[in-house]
Amino acid sequence: MGTAILRLTLSDLRRGRARTLLLLLIAISATTTTLTLGLLVRDATDRPWERTRAATAGPDAVATGDARALAALAKAPGVTGSARPYLALNGTLRVRDVAVNAVVHGRDVPPARLDRPLVTDGRWLRPGTVVVERAFAEALRVRPGDRVTIVGRDFPVAGIAVTTGRVPYPSAGPGLVWLTRADAARLPVAERKLTMPLRLADPSAAPAFAARHQGVRPWQDMAAYATAELRRADQVLLGGTWALAILAAMSVSLIVAGRLAEQGRRVGLLKVAGATPMLVAAILLAEHLAVAVMATVAGVLAGWAAAPLVSAPNAGLLSTGTPSPTPGTMLAVLAVALTVTAAATAVPALRGARISTVRALVEPVRAPGRRSRLAAFSGLPLPLLLGARIAARRPHRTIVALSSMAVTVAMVVAAMAMRRDVDRKDAVLLGPDFVPGAGNPVTERLTQIALVLALAMVLLAAVNAVLTAWTTSLDSLRTAALTRALGATPRQITSGLVSAQLLPAAVAALGGIPLGLAVHAGARAVGGFPGSAGVPALWLVATVPATLAVVALLTAVPIRYGATRPVTDALRAR
C-alpha cells in the first residue's frame, strides 16, 4: 500500500497539477518563514546583552545615592565587590545644529575592572575628550574626531563605546557620554549624583537585592529594557504565525476541495481499481505532506536569510552574528507545517473519497443538494439569486472564505492600530531627551514586522479568494452551463458567482474590524504597551468597501474563465 501511495503521489507531482501545488507551497511557506523568524529572534534575544555584559565586565547591580549611603551599601551582605563611585549629571549636548539632553558620567582614565565600557571605535578617555555611547553616537551621527559641546564646553570625540552599566539609547533617554572625573566635575551643573557598580555573590538574586535596598537597579531590569525591541518583535512574529497558520489551513482545505471537484472521475477510477476511501484520502494527504516538507525547507531558508534584518540588537549592544536554526527549530517548523497540512487535508479528502463510485464517475464530487428555504430568494435579480444560492448550497466553503477574510481584515486593522500607537509613541519621544529627526529603531522595527505580516496575510487571503472562486466555478460548471442554455449571459453568470464571494466578504469585513481591535488590545496587554492611540473611524469604515473591491477583482478572472466555457464542453466535463 505504501508503494502504491508513493507511486501515485510522484505521478501527481510530475503531472500538470503544479498550479495548485504551487499555491499550496506559497501558503505553507509563508507560515514556516514567519515561524522560523520568530523562533530565531526568540533564541537570539538575550545573547547580545550577555555578550556585551561579558565584554564590559558588566555589574550585577547599579546603585545611586550619596557617598555615605554608597559606602554602606558596598559592605552590605551579598556584595562581593564594587567600583569606585563616579559622578553622574545631566546636561545639554550640542553637535552641529542639534541640541539634546545627555547623561554625563565622570570616569577614570585607566579602565575600571568592574563596569568597563568597551571602545568599538577610536580610543578611551583622555583629559579634555569625550567618549559617546554607540547607539547615542549613531543617532547624533558623530564619530571619533568630531567635536561636541557639553554644557557650554567644547570636547573632541575620542571614541565610541558600549556598556551594560546603563540601558543604551533610545531604550533609555537621555543618551550617555563619558568624561574624565576632572572634566565632569568642572561642568557648571548644580544637580550631581554618585553612581556605584556592584558585584554580587549571586547575580541571579539581584532583583531581590534591589528590592531590599533603595536606589539599586539590577542587571535583569536593564537587560529587559535593552532587549525589549527583540522581545516585542518575537511576540509579533509568533502571534502572526498563528494567523498565517489559520489562513494556510484554509488554503489547503480549499485546494483539496478544488482538486476533488476537478478530479472526481479520477477518484471513481481509483475506487474501481480497488482503492478504498482511506487509500484515496492517503494519496491526497501524501501529496500535500510532500509539499509541506518542501515548504518547511523553503521557510527555514527564507527565515534564516531574513533573520539579520529582524534579530539585529540595539546598536548599543554587541551583535552575536546571524542566528542559525537549530535542529529543534527545524523540527518545530516541520511539525507545524505537517500538522496544519494534515489537519486541513484529512476531513475534505475523506469526505470526497467516500462518495459513491458511480456518482464520482458521472458527476463532480459533492454535488449540491437542494434547499427549499432558498425559494424565498426567487424574486431577486438573476445574478444575486445565483450568488445567494451558491453561497447557501456550499455552507462549508462559504464559512471558510468568510473566516479567511475575517482573519485578514482583523490583522490589517490590528496593523493599522499598531501603526497609530507607534506614531503616538514617536511623538512622545520627540522631547529634549531624544535626538530630533533620528527616528526610533525600536518602533521602526515593530512597524516593519507588522507591515510584512499584514502583506503576507493579504497575500494568503488573496490566494484563498482565488481558490474559493476557482473551486466554486468548478462546482458550478454544469449549473452555470444549464443556466446559460436557458438564456443567461456569461456576464450574468460571472456576476452571480462573484456575488457569491462578496456576500461572505461583506460579513467578514464587518466582523474583522472589532476582531482586529480586540487582537491589538490583547497584544498591548501581553506586551505591556501603553494605552492605544485609536484608529480613525474613517479608516475603519473604508475597510469594508476596500475589502469588497479587492475580492471582486481577485475572483472575477477565474470565474469569468469558467463562465465563458462552451456550454457543450461544460456539460460533458467530468
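All values reported here derive from a predicted model rather than from experimental measurement.
Side-chain atoms of T180 and D183, non-hydrogen and from C-beta on, do get closer than 4.5 Å to each other. Looking at heavy atoms from C-beta onward, W124 lies in side-chain contact with P117 at the 4.5 angstrom threshold. Two residues are said to be in side-chain contact when any heavy atoms from C-beta on lie closer than 4.5 Å; W49 and M222 meet this criterion. At a threshold of 4.5 Å between non-hydrogen side-chain atoms, the residues I160 and V131 do not count as touching. Contact of the T52 side chain with the L118 side chain is not registered, since no non-hydrogen atoms from C-beta on lie closer than 4.5 Å. V177 is not listed as a side-chain neighbour of F155, based on a closest heavy-atom distance of 4.5 Å or more. Residues V148 and V157 are in side-chain contact: their nearest non-hydrogen atoms beyond the backbone lie under 4.5 Å apart. The shortest side-chain heavy-atom distance between T32 and I28 falls under the 4.5 Å cut-off.
Judged by distance alone, the side chain of R134 and the main-chain N or O of L317 form a donor-acceptor pair under 3.5 Å. Without hydrogens or angle criteria, T341 side chain to L338 main chain gives no donor-acceptor distance under 3.5 Å. Under a 3.5 Å cut-off, the side chain of D202 and the backbone N or O of S204 do form a donor-acceptor pair. Looking at T296, its side chain does come within 3.5 Å of a backbone N or O of A292 through a donor-acceptor pair.
For the pair L114 and G58, the tightest heavy-atom approach, listed with the atom from each and the gap, is CD1-O, 4.2 Å. For the pair P203 and L200, the tightest heavy-atom approach, listed with the atom from each and the gap, is CD-O, 4.0 Å. Minimum interatomic distance between E191 and L89 (heavy atoms only, all atoms of both residues): O-CB, 3.8 Å. In this structure, G65 and L70 approach most closely via the heavy-atom pair O-CD1, 3.8 Å. Considering all non-hydrogen atoms of both residues, P168 and E133 come closest at CB-OE2, 3.5 Å. Nearest heavy atoms, T547 versus A505: CG2-O, 4.2 Å.
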Pair F209-D60, side chain to side chain contact (heavy atoms under 4.5 Å, CB included): steps then yes or no: CA-CA 10 Å; F209 180 86; D60 298 326; over 6 Å; no

Derivation of the salt bridge (charged side-chain N to carboxylate O under 4.0 Å, His left out) call for D154 and R94: CA-CA 9 Å; D154 188 60; R94 294 180 179 274; over 6 Å; no

Verdict with supporting geometry, V216 and V62, side chain to side chain contact (heavy atoms under 4.5 Å, CB included): CA-CA 6 Å; V216 176; V62 176; over 6 Å; no

Side chain to side chain contact (heavy atoms under 4.5 Å, CB included) assessment of D66 paired with L194: CA-CA 6 Å; D66 57 34; L194 288 176; 5.9 Å; no

CA sep, side-chain torsions, deciding dist, call: T163, W178, side chain to side chain contact (heavy atoms under 4.5 Å, CB included): CA-CA 11 Å; T163 182; W178 294 277; 3.7 Å; yes

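Residues that satisfy the salt bridge (Lys or Arg N to Asp or Glu O under 4.0 Å) test with D146, not counting sequence neighbours, are absent from this structure. With sequence neighbours excluded, the residues satisfying salt bridge (Lys or Arg N to Asp or Glu O under 4.0 Å) with R107 are D115. For R166, the salt bridge (Lys or Arg N to Asp or Glu O under 4.0 Å) test picks out no residue, with sequence neighbours left out.
To the nearest 0.5 Å, the span separating CG on L510 from CG on L540 amounts to 11.5 Å. In this structure, L301 CG and T36 OG1 are separated by 9.0 Å, a value rounded to the nearest 0.5 Å. In this structure, the separation between NZ on K193 and OG1 on T64 is 7.0 Å, given to the nearest 0.5 Å. With rounding to the nearest 0.5 angstrom, the CZ atom of R68 is 15.0 Å from the CG atom of L73. Separation of atoms CD (Q220) and OH (Y225) is listed at 14.0 Å; rounding is to 0.5 Å. To the nearest 0.5 Å, atom CZ of residue R84 and atom CE of residue M196 are 13.0 Å apart.
Checking T92, N90, L93 one by one against N101, the side chain to side chain contact (heavy atoms under 4.5 Å, CB included) holds for a single residue, T92.
Pairs engaging residues 290-334 under the ring pair (Phe, Tyr, Trp, His ring centres under 6.0 Å) rule: none recorded [sequence neighbours left out]. Within the structure, every pair that satisfies the ring pair (Phe, Tyr, Trp, His ring centres under 6.0 Å) test and touches residues 55-87, not counting sequence neighbours, is listed here: Y86-H105. Within the structure, ring pair (Phe, Tyr, Trp, His ring centres under 6.0 Å) contacts touching residues 57-77 (residues at least two apart or in different chains) do not occur.
In the displayed structure, R143 atom CZ is contacted under 6.0 Å by at most 12 heavy atoms of other residues, nucleotides or ligands. A 6.0 Å sphere centred on CZ of R113 holds no more than 12 heavy atoms belonging to other residues, nucleotides or ligands.
A side-chain N or O of T164 and one of T56 form a donor-acceptor pair less than 3.5 Å apart. Side chain to side chain, T326 and T329 meet the donor-acceptor criterion of an N or O pair below 3.5 Å.
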